[in-house]
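Below, chains carry the letters A, B, ... as their sequence lines are ordered, and counting in each starts from 1.
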Amino acid sequence: MPRPSRSSIEYLLSDLNAPQRTAVEHTDGPLLVLAGPGSGKTRVITRRAVHLALTVSRPERILAITFTNKAAREMRERIDATGIGEGMTVCTFHALCARLLRIHHERAGVDRSFTIVDRDDRRKLLKEAVVAVGLPTEQWRPAAIEPDISNAKNAMRSASDYSNAAYDWRTRTIAQIYGAYEHLLTRTACLDFDDLLMRVAILLREDVELRERLEERYTHVLVDEYQDTNAAQYQIVRLLTLDRSNLCVTGDPDQSIYRWRGADIGNILSFERDYPNADVIRLEQNYRSTKRILAAADALIAHNVSRKIKSLWTDNAQGPKVSVVEHESSVEEAQSVAAEIRSRIEAGTDAGEIAVFYRVNSLSRGIEEALMRAGIAYTVARGLEFYNRKEIKDVLAYLRILMNPADEVALLRIINTPPRGIGATTVKRLIERAIVEGRRLMDILTDNRDLSFLGRGAAKVRGFGELILSLAPVLQSPPGQAVERVVSESGLRAMYAEVPGSIGESDRTPLANINELASAATEFQDEFPDATVVDWLEHTALLGDADTMLGELRAVTLMTLHSAKGLEFEEVHIVGVEDGILPFRREEEEADEEEERRLCFVGMTRAKQRLTLSHARYRMLRGRTERKVRSPFLDELPEDAVESIRQGAVCKSSAPVPDRGRLPDDVALWENGTLVRHPLHGMGKIVSLEPGARRTQVRVLFQDGDTRSMILEFAPLERVDFYEYDEG
DNA sequence: AATATTCCCGTTTTT
DNA sequence: CGGGAATATT
């Protein structure tokens, strides 16, 4: 370990302001860092970790916990860059818990080979639980009960706790389902995301010896985004720092936007009560936004009551006023945003520095259409991501079943994928047999016993059992090779080789995705040479959506206000700032006004230079045009930082948007082989053309060798003549 | 077993 | 309006 040299510590502190420096140099006892947006929080937390490692502790004895993989990775990289991070534990809550449960599975009472199930699988199991309890799944939809059970777990309430506290018909029924669900999880040796936290919280509470051992190991614990911790996470943190209290939490109550997921803003608000001798440091200088943007955001959030007062300030320029724009309709709003973006790009702003935020995903469609028409490249950061793709889940299911033979969800997923003639009836018989004999489904398949009760299906099932047995050794090989073998020997590769790939914006074929998964596994094994398949599976299970979406494309980014947290852009447009949308309100329900205000605050503070909030008088929602009223939040913004505009002004002053939303007149002449030019991809040739009701899907082979599919009505394609093509 | 059709439902989603 | 899932159809 390098000695704490004077120069390296000087270096750590050199570019920090006074409160940042105090936070970094603080070494003993509880510390709360209230960090406003853009105040250099990540810098502080990483420097602090390194500083501790250099002075009063050692890297191996420091634990830094984040919420997202992205944050963990970022912190890890920054720490590594100092050369002093080796051996430090930097990970997400969930990764930490998964690791602890894997190591201490016996004490925790979980199967050593447990599988971590994602939301889809959880819903499948929930559905099965509803059926098991004998209730109709239409009335007790898994998606509707899921939050109840998830919240219960986040609050560390077991099925029996829940049952005891049940107060009406609905909660009593859910208690039953919860019980059945837990039973299923145990039988299939699965844990959901919430279990990871709850189990560890309980383990630490009950197992004093283990708790003491862990606290002994980690002299200092750092927790990022503390405002988003739930009860289980609170317990874990608390129990890890019970004696020493060397706990540093950073966060911002004003950016707590996950209450609906169990986050308890009270955890950060009452930190000083929980840790009476806590020091509190406020990071109030903002390095991101202009004075006006900050003033507007600050005035908005000042309307909240449950918060800790901060006085945000910045040395940055005054900047242009924040625009509040009223439009007649949502269509005009979208067009106006597109026009504004276009002129900003023409003026030299990098498209990747521009973002459009909205409260609900359904608002993205209109924006997308307008951007398409204007020929502006964009990406939508949406929920459906890589690891949720069917083909990916198929591959992973094979590995899961090899690791955890009790994993019925995985087994049922692949028993007939690729199709091997094992139909619904056969599966049903197998399940019945498993229940009757009280054995695992998998054992019946692989025990090589009499399968004659299956009739015609017997041979197929036996074949499948043999396939699984023959694949078993891949668990011993490195992840990359394991994936490779599974993909080829299961027949998945052959199966997906024939699928042409989904039509739509994504040009990735399932096969390409599978290959990418294989290379991801190989990369993983290169990075961690000792890693097993089990390690890699765990890694993938804990990898979220947000991790894959961050493409470094030079495109305008569209995303929800929630996913905007932690990011920053030169120019931000927030659309649909209307009562009922932001703040969001459901019928018969009250809006959580303070949380919605925080959400708006988060969105506004993402902007560095320019910020526009817009609303429309009429908006098409769920196929109906609704009358909309501007959000009350808009009236909370200070007049001197804001400029209110009625739709006309902006639209007229900016250049008209070229309307590409129509087919070219000579579309009848467009056919396979037609030569085209695309502003981004250059010359190409149409290789397929499928007219649809509203859209004509074309695939174009470009000169760079790539084939891309696009919508003829919207794509900025130009027809070119043969001789031009030769020259180009 | 794969495809067509109808029906239902509708926030946000770090892991 | 549009996606997903459950059902109907060949």
Atom C1', compared across C:dA5 and B:dT12: separation rounded to whole Å: 23 Å
Separation between the C1' atoms of C:dA6 and B:dT11, rounded to whole Å: 25 Å
Look at the side chain of A:Arg261 against the base of B:dT14 and say whether a donor-acceptor pair falls under 3.5 Å; ignore hydrogens and angles. no
Output yes if the stacking criterion (under 5.5 Å between centres, under 30° between planes) is met for A:Phe584 over the base of B:dT12, else no. no
Please determine if a side-chain N or O atom of [X] lies less than 4.0 Å away from the OP1 or OP2 oxygen of [N].
X	N	answer
A:Thr560	B:dT11	no
A:Asn69	B:dT14	no
A:Arg141	B:dG10	yes

Check for me whether the distance between the ring centres of A:His562 and A:Tyr258 falls short of 6.0 Å. yes
Taking only the side-chain heavy atoms of [X] (C-beta and beyond), determine which of [options] contains the nearest atom.
X	options	result
A:Val360	B:dT13, B:dT12, B:dA2	B:dT12
A:Arg622	B:dG10, B:dT12, B:dT13	B:dG10
A:Ser563	B:dT13, B:dT15, B:dT11	B:dT13

Salt bridge (charged side-chain N to carboxylate O under 4.0 Å, His left out) pairs touching residues 407-427 of chain A, sequence neighbours excluded, are A:Arg187-A:Glu408, A:Asp394-A:Arg413, A:Arg400-A:Asp407
Pair listing, ring-ring contact (aromatic ring centres under 6.0 Å, His included) test, anchored in residues 116-154 of chain A, at least two apart: A:Trp140-A:Trp169
Check every strand shown and say whether A:Asp118 touches a base, only sugar-phosphate, or nothing at a heavy-atom separation below 4.0 Å. nothing
Non-neighbouring partners of A:Tyr234 that pass ring-ring contact (aromatic ring centres under 6.0 Å, His included), sequence neighbours left out: none
Does A:Thr425 have any side-chain contact (heavy atoms from CB on, under 4.5 Å) partners at least two apart in sequence or in another chain, and if so, which? A:Arg429
Residues which pass side-chain contact (heavy atoms from CB on, under 4.5 Å) with A:Arg627, listed by chain and number, not counting sequence neighbours: A:Arg617, A:Tyr618
Protein-nucleotide distance (A:Asn361, atom CG; C:dG3, atom C1'), rounded to Å: 13 Å
With the criterion being N/O to N/O and under 3.5 Å, what pairs connect the protein with nucleotides 5-10 of chain C, and how long is each?
{"from": "C:dA6", "atom 1": "OP1", "to": "A:Lys127", "atom 2": "NZ", "distance (Å)": "2.7"}

